[in-house]
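Step one of this worksheet: look at the structure below.
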Amino acid sequence: SSKTNFNDRVEEVVAEDEENDDDESTGILLRTVLCHTLGGLPVPLLTITDFKAPVTEIANRKYICLSGRVHPGESPASYMLDGVISFLCGGSEVAKRLRKIAVFKIVPMLNPDGVATGNNRCNLAGHDLNRTWTAPSVSLSPTIYHWKQLLSMQIERRNRRNDRST
């Protein structure tokens, strides 16, 4: 199923980072869980950056947040984000530079329940998650609720940093 292939691919990316002996590419990927879906599926949150840098340097980097598959039928988004993740975790000079100047927060699939059940636009509650964006409910659209919380935290962090520098 799409759900299994997606989770398998996330596992592959994490394993590649953990098993890679190249000092340039290890320590660049952190996988956590953004939240769980209505169906109980974990929603992976991938953080990609150069974690070997000092904490203060990482804290001053810009954040770039990417997400995909809010509508289950948007399968090209999975291929696009898979390519982005593979590129950012790769050994090219551009990827290395990007990891030194930015922190990438990536949720490859915001509606894994919809993908797993074959829905085209809705989650298990029957909601089109794009329509819940303005006022998401933690109980009916938890992925959008938690993604917006993460985005809000990044905006607040940036604003605090900007206030200190003025």
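Residues take their numbers from the sequence shown, with the count starting at 1. Computed from a prediction, not measured in an experiment: that's the story for all the values here.
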Are any of the side-chain heavy atoms of [X] and [Y] separated by less than 4.5 Å?
X	Y	result
S75	R69	yes
S78	M109	yes
D82	P108	no
P42	H36	yes

To the nearest 0.5 Å, what is the distance between [atom1] on [X] and [atom2] on [Y]?
X	Y	atom1	atom2	result
L41	N111	CG	CG	10.0 Å
L124	N119	CG	CG	7.0 Å
L46	I85	CG	CD1	5.0 Å
I101	E57	CD1	CD	11.0 Å

Test log, rule side-chain contact (heavy atoms from CB on, under 4.5 Å), inputs I28 and C89: CA-CA 7 Å; I28 60 171; C89 292; 4.0 Å; yes
Crowding at OH, Y145 (>12 non-hydrogen neighbours, <6.0 Å):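 No.
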Identify the heavy atoms of [X] and [Y] that sit nearest to each other, and give their distance.
X	Y	result
G90	A95	O-CB, 3.8 Å
V138	P142	O-CB, 3.3 Å
G73	P76	O-CD, 4.5 Å
G68	A77	CA-CB, 4.3 Å
L81	S67	CD1-C, 3.6 Å
T37	P112	CG2-CG, 3.5 Å

Residue list, salt bridge (charged side-chain N to carboxylate O under 4.0 Å, His left out) with R97, at least two apart or on another chain: none
Residue list, salt bridge (charged side-chain N to carboxylate O under 4.0 Å, His left out) with E156, at least two apart or on another chain: none
Chi angles and distances behind the side-chain contact (heavy atoms from CB on, under 4.5 Å) call for R61, D50: CA-CA 10 Å; R61 292 179 181 161; D50 178 4; 4.0 Å; yes
Residue pairs, two or more places apart or on separate chains, that pass salt bridge (charged side-chain N to carboxylate O under 4.0 Å, His left out) and touch residues 104-122: R121-D128
All side-chain contact (heavy atoms from CB on, under 4.5 Å) counterparts of F104, not counting sequence neighbours: I48, I64, L88, L98, A102, I106
Side-chain hydrophobic cluster, 4.5 Å single linkage: members besides V107: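 Via sub-4.5 Å side-chain contacts, V107 links to L34, V43, L45, V70, L110, L129, W133, I144, W147, L150, L151.
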Test side-chain contact (heavy atoms from CB on, under 4.5 Å) applied to Y63 and M153, R158, R157, the passing residue: R157
Hphob cluster co-occupancy, V94 + L29, side-chain heavy atoms under 4.5 angstrom: yes
Pairing residues for N123 by the side-chain hydrogen bond (donor to acceptor under 3.5 Å, both in side chains) criterion, not counting sequence neighbours: none
